[in-house]
Amino acid sequence: MATRRKYLNYTTPWGVDLARVATAGWTPFLIHESGYQPALEDWNHQGVDSPFWRFYHNPKPGCHLVFQGRKIPLEPKNAVLIPADTVFDCVGPVRACHYWLHFTTNRPGVSFPAEPMLFPVDDTMRMLLGQLIDTHQTHTDGHGLLHLASALLHVVFAKLEAPPQTLPERLSQVLALIARSPHTKLTNHFLAERAGMSVERFIRSFREHTGQTPAAYVLAARIRLAGEALALTDKTIDQIASEAGFPNRHYLSRMFARQVGCGPAEYRARQRERKGR
């Protein structure tokens, strides 16, 4: 009897090696909520902002967003992707037939402008949206919704024209580490060691490729983490400060106000007023 051969090579000459893409932190989406309502009566909200991304699709026309004076229609033929920390208005002159996703994603070294992105709904997206809406209407299957929503987001982000990858591999790994664990002790010395550079060379390279110092980049990641916790949990500000890597709530409050424009308590109050939008 012939011995079964074990194939131990992870890649072949005919495929595309995705391991480096995966380790760069691009693949995962942390989905906070999937929602669908066929007839929201009052969908008029001014100054909507949040620390997470939003995906909107309205199967029926009539509603729109306003961003910096620009009207963005929500129609069956299109969808809108809204990055975190984008401020906009929801306008609903009619009952809103509305599907939404709230999620977090981060591509190390790549930033998106804080403005809504409008794009057409193709056949694949229409099929996935139909399955998501059907699942919402027939039964609350959290696992099914998670898989469908993840597939939808992968299709959506595949349409975005990504900038060319110019980051050195070691720096990409450092940015992925910051994205995964912003709350840990991420000193310049520790990060430089992970990048295999001297501290001076690391800081210079980091600023050259990201436009920020390592300390400023880490602080921004921690502020995002704290903002998500304020918006999505009932944890105390002391807990959030500790879990996001701040020495105490007072330092968090000072840095948060400097970055976001208001303190953590006021930010949380604003988010609770807008809950469910």
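Heavy atoms only: backbone and side chains are in, while hydrogens, waters and symmetry mates are out. Just so it is clear, the structure is predicted and the values come from calculations on it, not from any experiment. Heads up: numbering here begins at 1 and tracks the sequence.
- A donor-acceptor distance shorter than 3.5 angstrom exists from the side chain of R268 to the backbone of T233, with no hydrogens or angles considered.
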Tell me, with the steps shown, if F246 and I223 meet side chain to side chain contact (heavy atoms under 4.5 Å, CB included).
-> CA-CA 9 Å; F246 293 92; I223 291 292; 3.8 Å; yes

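- Side-chain N/O atoms of E33 and W100 include a donor and acceptor closer than 3.5 Å.
- Between the side chain of N44 and the backbone N or O of V91 there is no donor-acceptor pair closer than 3.5 Å.
- Minimum heavy-atom separation, P76 to P59: CG-O, 3.1 Å.
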Using residues 116-133 as the side-chain source, report each donor-acceptor pair under 3.5 Å to any protein atom, sequence neighbours left out, with the distance given to one decimal.
| from | atom 1 | to | atom 2 | distance (Å) |
| --- | --- | --- | --- | --- |
| D122 | OD1 | T124 | N | 3.2 |
| D122 | OD1 | M125 | N | 2.8 |
| D122 | OD2 | K159 | NZ | 2.5 |
| D123 | OD1 | R126 | NH1 | 3.1 |
| R126 | NH2 | V121 | O | 3.0 |

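- Within the 4.5 Å cutoff, the side chain of I72 has no heavy atoms near those of the N78 side chain.
- Every residue two or more places apart in sequence or in another chain that forms a side chain to side chain contact (heavy atoms under 4.5 Å, CB included) with V94 is listed here: C63.
- Annotation for S181 and L186: closest pair O-CD1, 3.5 Å, computed over non-hydrogen atoms.
- When every heavy atom of N188 is checked against every heavy atom of A215, the shortest pair comes out as OD1-N, 4.3 Å.
- None of R222, R249, K235 except one satisfies the salt bridge (charged side-chain N to carboxylate O under 4.0 Å, His left out) rule with E243; the exception is K235.
- Taking all atoms of both residues into account, the shortest heavy-atom contact from P214 to F202 is CG-CE2, 3.6 Å.
- Scanning all heavy atoms of the two residues, the minimum distance from R54 to H102 falls at NH1-NE2, 3.4 Å.
- Without hydrogens or angle criteria, T138 side chain to D134 main chain gives a donor-acceptor distance under 3.5 Å.
- With sequence neighbours left out, H189 forms a side chain to side chain donor-acceptor pair (under 3.5 Å) with no residue at all.
- The shortest heavy-atom contact between P93 and G62 is CG-O, 3.1 Å.
- Applying the ring-ring contact (aromatic ring centres under 6.0 Å, His included) test to residues at least two apart or on different chains, none of the pairs has a partner in residues 60-92.
- At least one donor-acceptor pair closer than 3.5 Å links the side chain of N248 to the backbone N or O of Y251.
- Applying the side chain to side chain contact (heavy atoms under 4.5 Å, CB included) criterion to R194, with sequence neighbours excluded, gives V174, L177, F190.
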What pairs of donor and acceptor atoms, side-chain ones from residues 254-261 against any protein atom, are under 3.5 angstrom apart with sequence neighbours left out?
none

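- A ring-ring contact (aromatic ring centres under 6.0 Å, His included) with H98 is found for exactly one of F55, Y36, W43, namely W43.
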